[in-house]
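One structure is given here, and the rest of the page talks about it.
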Amino acid sequence: MGIINASDFNLKATIESGQLFRHSYDSRSGFYAVIAGDSVARLRQEGDKLQYDCSNSDFGVATFFGLNHSYGELIKSISKDEKITAAINRHYGLRILQQSPWECTASFIISSFSNIPRIRQCIGKVAAAFGDSIEFDGIRDFSFPQPQQISNFSKLKKCGLGYRAKYLFETAKVFGSGNYEYSLPQMRKLSYAEAKEKMMRLPGVGEKVADCILLFSYGFLEAFPVDVWIQRAMLGNYGSEINSFAAGRKPSEKVVAGFARSYFGEYAGYAQQFLYHDARTSPRISRAAPVPLP
DNA sequence: CACCAGGTACTGT
DNA sequence: ACAGTACATGGT
């Protein structure tokens with residue numbers, strides 16, 4: 001069992017903010033389990049201490065959880081107004097992860113136009129169908145398959161991905177091709193705009209998914225993915241500013257993303273993740289049928 | 001049955 | 001470049 005000092009860190013918010021899909025929480029022990037690649041990590045936070053135990057000794061916990069980011073600096077940088085500051089304060093310690101490019105790309109291709117429970121289910125089916133059986137500390141599961149392992153299209157179609165199956169299959173071929181054009185070091189040589197253009201060449205990767213991958217895996221912290229939640233939150237919080245920025249154009253997701261990157265700056269992705277998690281966790285208007293009055 | 005879910009690809013203008 | 005539209009699947 002390792003222990004590292006993790007100040008300015010919120011394990012729960014980081015794991016539960018929709019950046020990764022293969023995790024679970026054991027309320028009896030207080031430990032989270034995260035599956036990444038072929039590694040299983042069990043983690044628990046108590047104050048500034050992060051306890052962890054990994055199946056794989058080369059799994060870099062600190063890097064994976066973004067603990068190398070200069071938190072004070074980036075928080076100061078994105079704290080532009082009271083709206084974002086309130087979201088930061090509600091989830092202080094939330095970190096942007098650095099996941100493996102292939103697993104992150106595959107996961108967010110699967111995520112598009114879907115919902116989180118089903119995304120988790122689909123990824124689990126892909127792992128069970130193509131991954132290797134893994135076992136650690138009582139946790140039995142499957143590794144996330146290497147791209148080369150996803151070699152049977154009809155089997156992939158049975159994982160419930162719908163029309164995304166062919167996107168994932170084609171993208172697996174690219175990642176498994178043996179050249180390293182989508183590797184972390186190669187991609188880090190590019191500018192944000194170049195890296196995004198490159199990601200969007202992959203089938204099933206559009207503006208939003210590309211930004212998720214650039215942010216959650218390649219470390220482009222200026223990436224600002226705009227999904228329906230962020231679009232609503234941004235128009236609600238910054239409607240008039242966005243309309244000025246749009247200069248007559250429709251405030252599309254692309255316009256909102258452009259506004260956000262110029263407004264929040266080089267760590268805009270962190271602002272996005274605070275807003276997203278805040279929107280997801282804030283009390284929502286119940287859609288339940290009204291209770292009749294006595 | 002309609003509607004929604006961390007959108008993307010394709011088409012026509 | 002931008003607006004419209006189809007798209008697999010499963011839950012409410």
Side-chain angles (χ1 to χ4, degrees), chain A residues 13-23 87 91 94 96-97 99 103-126 129 153-172 174 193 196-217 220 223-236 242 245-260 268-282 284-290:
Chain A
T14 301
I15 288 180
E16 295 182 353
S17 60
Q19 303 181 63
L20 61 84
F21 301 98
R22 306 196 71 195
H23 59 87
H91 312 290
L94 170 59
I96 299 290
L97 299 175
Q99 306 180 58
E103 181 167 351
C104 189
T105 300
S107 298
F108 279 92
I109 286 174
I110 292 170
S111 81
S112 80
F113 201 43
S114 188
N115 56 70
I116 288 179
R118 192 161 74 91
I119 296 163
R120 292 168 59 94
Q121 183 182 49
C122 288
I123 293 173
K125 284 184 180 176
V126 169
F153 184 61
S154 59
K155 195 172 173 185
L156 183 62
K157 281 200 293 190
K158 291 176 182 145
C159 296
L161 312 195
Y163 60 88
R164 305 167 196 81
K166 65 176 184 296
Y167 301 151
L168 181 59
F169 196 71
E170 294 304 313
T171 295
V174 176
K196 183 163 178 179
E197 190 277 329
K198 191 168 174 62
M199 292 313 296
M200 288 176 65
R201 290 181 212 160
L202 298 167
V205 178
E207 295 270 353
K208 186 267 175 185
V209 168
D211 277 327
C212 283
I213 302 162
L214 293 177
L215 181 58
F216 302 146
S217 145
F220 287 93
F224 193 93
V226 178
D227 70 340
V228 292
W229 291 86
I230 288 294
Q231 181 74 2
R232 274 197 291 265
M234 287 296 290
L235 290 177
I242 291 168
F245 180 84
R249 288 178 297 166
K250 176 184 151 195
S252 62
E253 289 82 355
K254 194 164 183 170
V255 167
V256 167
F259 165 79
Y270 260 97
Q272 184 277 141
Q273 202 55 23
F274 278 109
L275 291 172
Y276 177 78
H277 190 50
D278 197 52
R280 296 292 307 229
T281 55
S282 70
R284 304 179 210 168
I285 313 298
S286 170
R287 278 187 219 90

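Order of the sequence lines sets the chain letters (A, B, ...), proteins ahead of strands, with each chain counted from 1. Just so we're clear, the structure is a prediction, and the values are computed from it rather than from any experiment.
A:Pro203 comes within 4.0 angstrom of the backbone, heavy atoms only, and of no base. Within the 4.0 angstrom heavy-atom criterion, base atoms lie near A:Tyr276. Among the atoms of the strands shown, only primed sugar atoms or phosphate atoms (P, OP1, OP2) are found under 4.0 Å from some heavy atom of A:Leu202. Using a 4.0 Å heavy-atom distance criterion, A:Val205 is classed as a sugar-phosphate-only contact. Within the 4.0 angstrom heavy-atom criterion, only backbone atoms of the sugar-phosphate kind lie near A:Gly204; the bases stay farther away. Within 4.0 Å (heavy atoms only), A:Gln231 reaches no atom of the nucleic acid at all. At a threshold of 4.0 angstrom between heavy atoms, the contacts of A:Glu253 with the nucleic acid are absent. If you check every strand for non-hydrogen atoms under 4.0 Å, A:Ser107 touches nothing.
Here the CZ atom belonging to A:Arg22 is positioned 8.0 Å from the CD1 atom belonging to A:Ile123, to the nearest 0.5 angstrom. Here the straight-line distance linking atom CZ of A:Phe169 with atom NZ of A:Lys155 works out to 12.0 Å at 0.5 Å rounding.
The separation between A:Ile119 atom CD1 and B:dG6 atom P is 6 Å, rounded to whole Å. Atom CG of A:Leu168 and atom P of B:dA9 are 13 Å apart (whole Å). In this structure, NZ of A:Lys208 is placed 12 Å from C1' of B:dT8, rounded to the nearest angstrom. Nucleotide C:dA1 holds its P atom 12 Å from the CD atom of A:Glu207, rounded to whole Å. The interatomic distance linking A:Arg280 (CZ) with B:dG6 (C1') rounds to 7 Å, in whole Å. At whole-Å resolution of the value, CD1 in A:Ile110 and C1' in B:dG6 are 13 Å apart. In this structure, A:Ile230 atom CD1 and B:dG7 atom P are separated by 11 Å, rounded to whole Å.
A donor-acceptor contact closer than 3.5 angstrom is absent between the side chains of A:Ser217 and A:Gln99.
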message: Between A:Tyr163 and A:Phe113, does the ring-ring contact (aromatic ring centres under 6.0 Å, His included) criterion hold? Intermediate values first, please.
response: CA-CA 11 Å; A:Tyr163 60 88; A:Phe113 201 43; 7.1 Å; no
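By the criterion of a centre-to-centre distance under 5.5 Å and near-parallel planes under 30°, the ring of A:Trp229 forms no stack with the base of B:dG6.
In this structure, A:Lys158 and A:Lys125 have side chains that are not in contact, with every pair of non-hydrogen atoms separated by 4.5 Å or more.
For the ring-ring contact (aromatic ring centres under 6.0 Å, His included) criterion with A:Phe216, the lone passing option out of A:Tyr270, A:Phe21, A:Phe108 is A:Phe108.
Using a cutoff of 4.0 Å between basic side-chain nitrogens and carboxylate oxygens, A:Glu207 and A:Lys196 are scored as salt-bridged.
Using P as the reference atom, C:dA6 and B:dG6 are 23 Å apart when rounded to the nearest Å.
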message: Please encode protein proximity along nucleotides 2-12 of chain C as a string of B, S and -, counting only heavy-atom distances under 4.0 Å.
response: SS---BBBS--
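Taking every heavy atom of both residues into account, A:Phe245 and A:Gly258 meet most closely at CZ-C, 3.6 Å.
Annotation: of the two residues near DNA chain B, A:Arg232 and A:Met200, the 5′-most nearest-nucleotide partner is A:Arg232.
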